Amino acid sequence: MSFAGQAKQELCRAGLNRKCCAQAEAYGVLMFCNQFTASEIRVMTESDALAARLPQLFKKAFKLEFDRVPELGSTGKRTFALTGQEKINVIREIYGMDGMGTVAHHINFAVLEESCCRLAFLRGAFLAGGSVTDPEKSYHLELVTSHFNVSKEVLALMQECGFNPKQATRKSNYIAYFKRSEDIEDFLTGVGAPLAAMEIMNAKVEKTLRGSVNRRVNCDAANLDKAVEAAQVQIEAIRALHQSGLLDSLPDKLKEAAELRLAHPEDTLVQLAERCDPPITKSALNHRLRKLVELGQEQKG
């Protein structure tokens, strides 16, 4: 199951205890569903959880049953429809719509006075017209409607609830969306999916840790490459001194450094410094090796 599917499944576990919140959630579904006109209501979904919740939601909100429901056991995209004029008029009257006129695609804020009802409306909107990406890949949550006025009004509603979405247009659809993980977490928590919000938090922590580890590994790899390159330059310089016969004439400290580097080409400066007799500091050994490189390059030149 996708992350969006998991989030919707969690939202559908919310209880249907208050009629006002059930009507608000159904209102969100209707404003973001496939069709809501004066003659037909049609809700299509691929979510198993929403398909199971819709009949219960409309029963609690309106005391109505759908005129058309998916066949028992069906999967994929399923359609729920209301075509009976009396049923549609009941719904339209609850939301303050003219029973015979065309649907006014506006949000009636009078039926969303309570904060719990506003969040329930947003839950319904997300269930019907929302999506959220897998936080392992990216951060993006959006609500999509084909109604221009609804898109403007839901933005205002979300801002009243403390959310700050951005807006965009995609073909003939209007979108309210979040790109920041913190905003998505707050929205999902507010509408009733705290576990999904926690998943985003966990994914963010894991990404941060992986990024830190990768940076450390890359840094260590880069340092190792530099150390190997430096050791190779030192060995070539020492061999040049040996071929020219100057190595034996060098001071004992330089000869010791040269012999240790040839004997232990993969050692770090710290390891080589500890092999000196007596052991010396990394800085002191580095100074001796730089001197050997200078002398060797003079021989090459």
Side-chain angles (χ1 to χ4, degrees), residues 4 7-33 36 41 43 45 47 49-50 53-54 56-64 90-97 103-132 140-168 173-198 200:
K8 291 186 178 183
Q9 186 178 65
E10 182 181 0
L11 290 175
C12 287
R13 290 199 292 267
L16 295 171
N17 302 318
R18 300 183 62 182
K19 185 177 181 179
C20 63
C21 289
Q23 289 181 345
E25 183 178 325
Y27 198 14
V29 170
L30 291 168
M31 285 299 181
F32 283 78
C33 70
F36 181 22
I41 292 173
V43 182
T45 181
S47 167
L50 181 55
R53 184 176 180 82
L54 280 172
Q56 302 172 28
L57 178 63
F58 275 59
K59 187 75 171 179
K60 179 69 176 181
F62 314 118
K63 296 183 179 180
L64 296 175
V90 167
I91 294 174
R92 290 166 60 80
E93 183 178 352
I94 287 173
Y95 298 128
M97 298 174 177
V103 172
H105 292 124
H106 287 275
I107 297 174
N108 183 357
F109 287 88
V111 299
L112 303 175
E113 292 182 350
E114 300 293 332
S115 60
C116 58
C117 292
R118 293 172 186 167
L119 292 173
F121 176 92
L122 294 176
R123 177 168 60 248
F126 179 78
L127 286 171
S131 64
V132 60
H140 185 87
L141 182 147
E142 65 181 32
L143 301 178
V144 182
T145 179
S146 59
H147 309 309
F148 174 76
N149 292 324
V150 172
S151 71
K152 296 296 183 184
E153 291 157 359
V154 80
L155 184 72
L157 179 64
M158 294 172 82
Q159 290 171 340
E160 285 186 13
C161 293
F163 309 124
N164 292 291
K166 296 182 179 180
Q167 282 188 304
N173 291 321
Y174 305 95
I175 303 161
Y177 70 94
F178 300 106
K179 296 293 286 185
R180 296 176 65 249
S181 60
E182 294 85 356
D183 293 334
I184 299 172
E185 292 162 13
D186 290 344
F187 179 82
L188 289 175
T189 300
V191 299
L195 296 180
M198 186 64 68
I200 295 176

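Given the structure is predicted, the values throughout are model-derived calculations rather than measurements. Residue indices begin at 1 and follow the sequence shown. These values consider heavy atoms only, across backbone and side chains, with no hydrogens, waters or symmetry-generated copies.
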Cation-pi check, Lys166 to Phe178: give yes when NZ or CZ is under 6.0 Å from the six-membered ring centre and within 45° of the ring axis, no otherwise.
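Judged by the rule (NZ or CZ under 6.0 Å from the ring centre, within 45° of its axis), Lys166 is not positioned above Phe178.
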
Tell me, please, which residues at least two apart from [X] pass side-chain hydrogen bond (donor to acceptor under 3.5 Å, both in side chains).
X: Asn149; result: His106
X: Asp183; result: Arg180
X: Glu185; result: Lys204
X: Lys19; result: none

If you define the side chain from C-beta out and look only at heavy atoms, does anything of [X] sit under 4.5 Å from [Y]?
X: Leu122; Y: Met158; result: yes
X: Leu16; Y: Arg53; result: yes
X: Pro165; Y: Leu155; result: yes
X: Ile107; Y: Val150; result: yes
X: Val191; Y: Leu11; result: yes
X: Phe36; Y: His147; result: no

Any side chain to side chain donor-acceptor pair (under 3.5 Å) pairs touching residues 9-18, not counting sequence neighbours?
none

Between [atom1] of [X] and [atom2] of [Y], what distance do you get to the nearest 0.5 Å?
X: Leu195; Y: Thr189; atom1: CG; atom2: OG1; value: 9.5 Å
X: Ile41; Y: Ile91; atom1: CD1; atom2: CD1; value: 4.0 Å
X: Leu64; Y: Phe58; atom1: CG; atom2: CZ; value: 8.5 Å
X: Phe126; Y: Leu50; atom1: CZ; atom2: CG; value: 11.0 Å
X: Leu188; Y: Met198; atom1: CG; atom2: CE; value: 12.0 Å
X: Leu112; Y: Cys161; atom1: CG; atom2: SG; value: 9.0 Å

Keeping Tyr95 on the side-chain end and Tyr27 on the backbone end, is there a donor-acceptor pair under 3.5 Å?
yes

Looking at residues at least two apart in the chain, or sitting in another chain, which of them share a ring-ring contact (aromatic ring centres under 6.0 Å, His included) with Phe32?
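Once residues adjacent in sequence are excluded, Phe32 has no partner under the ring-ring contact (aromatic ring centres under 6.0 Å, His included) criterion.
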
What pairs meet the salt bridge (Lys or Arg N to Asp or Glu O under 4.0 Å) rule with one or both residues in residues 118-127, with sequence neighbours excluded?
Glu25-Arg123, Arg118-Glu160

Please walk me through it: do Thr145 and Met31 pass side chain to side chain contact (heavy atoms under 4.5 Å, CB included)?
CA-CA 7 Å; Thr145 179; Met31 285 299 181; 5.8 Å; no

The criterion is side-chain contact (heavy atoms from CB on, under 4.5 Å); which residues satisfy it with [X], sequence neighbours excluded?
X: Lys152; answer: Phe148, Gln167
X: Lys179; answer: His140, Tyr177
X: Glu93; answer: none
X: Glu114; answer: Cys116, Cys117

Check [X] against [Y] and note the closest heavy-atom contact, atom names and distance.
X: Leu127; Y: Cys12; result: CD2-SG, 3.8 Å
X: Val154; Y: Phe121; result: CG2-CE2, 4.0 Å
X: Val132; Y: Ala7; result: CG1-CB, 4.4 Å
X: Gly130; Y: Lys8; result: O-NZ, 2.9 Å

Test side chain to side chain contact (heavy atoms under 4.5 Å, CB included) on Leu141 and Phe187 and set out the steps.
CA-CA 9 Å; Leu141 182 147; Phe187 179 82; 3.9 Å; yes

Excluding sequence neighbours, so at least two apart, what forms salt bridge (charged side-chain N to carboxylate O under 4.0 Å, His left out) with Glu142?
Arg170

